[in-house]
Amino acid sequence: MRELPPRLDPRAIEPPLYREWLARGWFHVPASAVLEEGRDPYVIVIPPPNVTAVLHMGHGLNNTIQDVLIRWRRMQGRAAEWLPGTDHAGIATQNVVERQLAQEGRTRDDLGRDPFVERVWEFVRETGGTILEQLKAMGCSCDWERTAFTLDPGLSRAVREVFVRLHEEGLIYRGEYIINWCPRCLTALSNEEVEASETEGRLWRIRYPLAESTWRVAEHAAARGASAIVQLSNGGWALSVSTTRPETMLGDTGVAVHPEDERYRGLIGADVQLPLTGRTIPVVADPFVDPEFGSGMVKVTPAHDPNDFEIAARTGLPPMTVMTPDARMNDAVPEPFRGMDRFEARTAVLAALEREGLFAGSDAHTHAVPRCYRCDTVVEPRLSKQWFVRMGPLAEPALAASRDGTVSFTPERWKKVYEHWLENIRDWCISRQLWWGHRIPVWYCQQCGETIVAREDPTSCPTCGSVALEQDPDVLDTWFSSWLWPFSTFSWPEQTDDLRVFYPGHTLVTAPEILFFWVARMIMSGLHFMGEVPFTQVFLTGTVRDIQGRKMSKSLGNGIDPLEVVERFGADAMRFTVVSACAVGTDIHLDHNDVEGSFAPGRNFANKLWNAGRFTLMSLGEGPIQSLSDLRLALEDRWILSRLQGTAKETTLELERFRLHEAADRLYHFFWGDLADWYVELVKPRLKGEVGETSRQAARATLIAVFDGVLRLLHPIMPFVTEALWRELPWPEGAERPEALIVAPWPTPDRSLCDPAAESRMADFQELVGVVRSLRKEYGIAEGKGIPLALWGDGDLRATVEAQRGALARLARVEEVRWERAGAGTVGAHAVLKGGGMEVFLPLDGVIDVGRERARLQEEIARKEGHLGAGQKRLANEQFVTRARPDVVEKERERAAGLAEELAKLREKLALLEGWG
RNA sequence: GGUCGCUUAGCUCAGUCGGUAGAGCACCACGCUCACAUCGUGGGGGUCGCUGGUUCGAGUCCAGCAGCGACCACCA
């Protein structure tokens, strides 16, 4: 038997095992495994991390979960395909490279488009994919032969096909609308890419003077209580409007009131002098205006506000863009404001209005300011010509798939969130003014103006034959390639075996943050292009947070590097820790200031596994292992084998329900609590041959069987330490041995090994040992000192204790067991076993503190009397007896009877003490 | 503003069908008995956020309130 070191050294075992699994091709699943071997596929596609990303704990959690599921299904015999890859991450990656350039004092424009894109490619080739290497250190068993990248030729082809097809179907259109514009990234954003942040701002009130011709009407209206109409110091009349963004007033082309607002009815059509600009704008009527809010009068800036754009479209107001792409005031505004940043302009506009006596104060106002999800810059609504996907027709089937249960969510509450989003779906702005990404497959003929949308790059205009074609300069939203991931990675639109076999997939594991960005859209595209949902189960993980509940992030410096954890404590320790911490629907909290403490549970358990394995291997001794079925098994053998069956059943059930932490918990307690603490302790003498050869053989065979079983069950969560130990296990003669644990069959409970009687008797024995130990501690009897034990109970328990007499002596230091009632004159501590009806009596003459024991007894009697009283009251209650479930009533009766019996014994004991003291 | 979720031991969280509240960590005491001190044994610690309701009985079901959080949102 090989000597194992007393401490698990993950660094010594993990990398070689991973290399071997990889080399043996166990992660790779060819389509033939399904088509020829008839195996049932199980497919997970990885949420592709950004190609430039480095691993953080969120990935650690997410990918551990995926690997647990994949390894478990693989052991179940499924063709378990886990497809890895990365996302080109348009804005994020371009930003990274632009920052690099900035350090060299250059911009992307200095380089020009093609050289810039080449530079990004270089960067991606150099550093991209680091994260995938890091996943390997975590033990992720991805099918690396299929590693995909959203800019790969195949995936790019899928993107283009989808664009063209949607365009043909009329689901893609180009138009001039208000979109979310990031003035720093200089690109349009989708609604999902904008994050609202609650901000304490101000609501400024400003005045727009009315043309003199309307003063009389205005005065009249003011007298009738039109609060928005005020008189200026020069005697003229003005409208009062409110705004959170005063700088946009330079782009106002109207003022709107509700058509049925009696207060302002006379003013509809009136001319208003727009301050600072010398322009005259009209008052229009539009039902969007809420008469109840503020003064019931709204300034209209069609080119810089989505609502105003709508109002303008309905009322015919012209849009007027007053900002440059980087959010400075453009040449459309009066000279003094030109070139000012929008926030600078805000101050300047307010100051200018004040000078003209048109500033009317401000109020504190909390509102949601939209920010770019990539750079946090305040997003500017901007009128712009962009490409959009018409989402309504795509959303409908995706909604139905959730409603009819074709797709299910874990935790279930996300279903509602998903459906709510789809019910209120808005069109998707997919064009980005970036260079890094899939170029939009659209060309404009410079000759005749024709727009060409094509699968292949056109060389000439199909309408006029001109060769002067210019491709649309924009690229597509990164998510426009990610949403095709479940089929584009399997060669779609080409109809291959891979596609047929691995689509649709099964489980998607991801963070809730990208439910709309990615999950919902994948379901939409899957249904639309493949006719089937891409997966049927969506498992949304929690968020990894620090001890203060803050999200882990680079900028906060509160992150934990999973690789550091792997390096220090091993992948198994990290995996077990996160799995056991990831209760469904809850976030996981880790302390970045105490990485060791945070991962101690996993590390300790991995080490426990190692040591128990080490002990087992060392104490099995030489000689063949006999078959279990040929041996006469002891009580503890039957007990642990039975417990293993229950554990296998429960573990499987929990995994099926995505309750990974429960699975981890069951295995932890079975391994540590049952196997290591009890079984191993119980069989030590037997393994040494102290109880005879037959007994030794039974213990060896049982130990091997249980170890084999529990290592299999633990393998998905802790693949390395389990595989390392499993390889050292001797194998029963004649039994077929799988090639490796990673490909060993998943245990299914063997009913013939289930033994409730053994479980029950062991439970009594364990309790007896616990009671004796506890009493020893309580009375301060030295650990090493043996004690006599008197007990009485029924025949079954007696048999148990007799069978375990030796173990009792070792585990509880019991010197002698007497089956007789303690006579008068003997005093001791005692305990009553709850279920078993067995009483323990430790004669403790000379040790016991009689006063203390008496008090304790009295206390216990009082407590039990209380319980009994409550129980009897319940039983006396006619409603309870007639209405409660029969088994509950029966249980209550038994409990009461038991209590009464215990009480009688306690009183007897107390009487004994009285006599002695 | 709307929707959803959470509130149980010092901390992080379980708690299935309503029937005498659990785990891990932390803490205290004892123990280096040859698998493991990353360990073992024992122990202390909870008015289950508050109020009311349903029920024979509520951590669990219902209503209201408070606090926290998430998501959604075009009231300037």
Side-chain angles (χ1 to χ4, degrees), chain A residues 4 6-8 178 196 203 241-245 248 256 288-290 292-301 305-311 365 367-368 381 411 413-414 416-417 420-421 424 512-513 515-516 543 547 549 569 573 577 580-581 583 585-591 596-598 600-619 659 661-662 665 668-669 676-677 680-681 684 769-770 773-778 780 782-784 810-813 863 866-867 870-871 873-885 888-889 891-892 895 899:
Chain A
L4 300 177
R7 268 195 199 185
L8 169 63
I178 295 276
L203 188 60
V241 293
S242 299
T243 180
T244 54
R245 299 191 303 149
T248 62
F288 169 78
V289 181
D290 179 2
E292 305 294 316
F293 186 87
S295 61
M297 187 165 291
V298 182
K299 63 192 270 306
V300 183
T301 321
D305 183 281
N307 301 315
D308 293 5
F309 180 79
E310 297 291 323
I311 295 175
H365 182 69
H367 61 137
R413 64 191 151 89
W414 292 108
K416 225 178 234 179
V417 178
H420 180 258
W421 186 74
N424 298 282
E513 287 102 85
L515 182 62
F516 308 144
T543 308
I547 216 76
F569 314 116
T577 302
S580 55
T586 62
D587 294 340
I588 111 167
H589 293 251
L590 296 168
D591 187 354
E596 180 162 4
S598 293
R603 182 198 57 177
N604 296 352
F605 186 49
N607 194 59
K608 185 72 183 180
L609 225 57
W610 180 257
N611 265 297
R614 177 170 170 259
F615 167 79
T616 300
L617 296 171
M618 288 189 324
S619 45
R659 295 164 59 109
H661 70 295
E662 290 287 356
D665 194 57
Y668 178 93
H669 285 107
D677 286 350
V680 166
E681 291 304 324
K684 275 178 178 175
V769 170
R773 280 171 174 172
S774 154
L775 289 171
R776 295 179 61 101
K777 290 273 184 185
E778 195 174 341
E783 291 272 332
R810 275 193 324 112
L811 299 177
R813 299 261 164 219
R863 202 174 63 237
H867 286 157
K873 194 172 150 201
R874 209 170 294 153
L875 286 166
N877 186 322
E878 198 185 327
Q879 307 246 36
F880 172 69
V881 179
T882 51
R883 286 197 208 164
R885 282 204 325 269
V888 171
V889 178
K891 214 165 98 191
E892 189 65 53
R895 188 187 289 156
L899 275 171

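Please read all numbers here as calculations on a predicted model, not as lab measurements. No hydrogens, no waters, no symmetry mates; every other heavy atom, side chains included, goes into these values. Numbered from 1 within each chain, the chains take letters A, B, ... in sequence-line order.
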Closest of A76(B), A35(B), C71(B) to the Ala676(A) side chain is A35(B)

Using the C1' atom as the reference point in each nucleotide, state the distance between C27(B) and G44(B) in Å, no decimals. 9 Å

Side-chain atoms of Asn607(A) come closest, of A76(B), U38(B), A23(B), to U38(B)

Hey, does Ala256(A) reach any base, or is it just sugar-phosphate, or nothing, if we go heavy atoms under 4.0 Å? nothing

### Query
What integer number of Å spans the P atoms of G49(B) and A9(B)?
8 Å

Sugar-phosphate, base or nothing in reach of Asp677(A), heavy atoms under 4.0 Å
sugar-phosphate

Side-chain contact check for Asn307(A): nearest option of C74(B), A23(B), G42(B) is C74(B)

- Which is true for Arg603(A) with a 4.0 Å heavy-atom rule: it touches a base, it touches only sugar-phosphate, or it touches nothing? base

Winner on side-chain proximity to Asn611(A), out of U41(B), U33(B), C36(B), is C36(B)

Which part of the nucleic acid, if any, lies within contact of Lys608(A), taking any heavy atom under 4.0 Å across all strands shown: a base, the sugar-phosphate backbone alone, or nothing?
base

Practice item. Go through the N and O atoms of the side chain of Glu681(A) and the base of A35(B), and report whether any donor-acceptor pair is under 3.5 Å. Key: yes

- request: With heavy atoms under 4.0 Å as the rule, sort Phe569(A) into base, sugar-phosphate or nothing.
  value: nothing

When both distances are under 3.5 Å in a Watson-Crick or G-U wobble arrangement, the nucleotide paired with G24(B) is C11(B)

Inset, instruction - Remember a base hit wins even if backbone is also touched, and classify Phe516(A) as base, sugar-phosphate or nothing at under 4.0 Å, heavy atoms. - result: sugar-phosphate

Requested in this report: Please state the P separation for the pair C11(B) and A26(B) - nearest whole angstrom.
Outcome: 15 Å

Ranking A35(B), C72(B), C75(B) by distance to the side chain of Asp290(A), first place goes to C75(B)

Per atom distances to the Phe293(A) side chain, the nearest of G42(B), C75(B), A23(B) is C75(B)

Between Lys777(A) and Gly296(A), the residue closer to the 5' end of RNA chain B by nearest nucleotide is Lys777(A)

Among A35(B), C13(B), G43(B), the one nearest any side-chain atom of Ser774(A) is G43(B)

RNA chain B nearest-nucleotide lookup for Arg245(A) and Glu662(A): closer to the 5′ end is Glu662(A)

**Prompt:** Tell me, do Phe605(A) and Thr577(A) make a side-chain contact under 4.5 Å, heavy atoms counted?
**Reply:** no

Inset, instruction - Using the C1' atom as the reference point in each nucleotide, state the distance between C17(B) and C61(B) in Å, no decimals. - result: 12 Å

- Spacing of the C1' atoms in C50(B) and A66(B) (rounded, Å): 7 Å

Taking C30(B), A76(B), A35(B) as options, the one with an atom nearest any side-chain atom of Thr243(A) is A76(B)

ask   = Looking only at atom C1', what distance separates U33(B) and U16(B), rounded to whole Å?
value = 42 Å

Does Lys416(A) make a side-chain N or O approach to OP1 or OP2 of G5(B) shorter than 4.0 Å? no

What I'd like to find out is whether the side chain of Leu811(A) reaches to under 4.5 Å of the side chain of Arg773(A), using heavy atoms alone. yes

Of the listed A35(B), G24(B), A76(B), the closest approach to the Ala612(A) side chain comes from A35(B)

query: Any side-chain N or O of His589(A) less than 4.0 Å from the OP1 or OP2 oxygen of C13(B)?
result: yes

>> Considering every strand and a 4.0 Å limit on heavy-atom distances, what is the contact class for Arg7(A): base, sugar-phosphate, or nothing?
In response: base

Classify the nucleic acid contact of Ala368(A) as base, sugar-phosphate or nothing, counting any heavy atom under 4.0 Å across all strands shown. base

Testing G15(B), C71(B), U38(B) for proximity to the side chain of Asn604(A), the answer is U38(B)

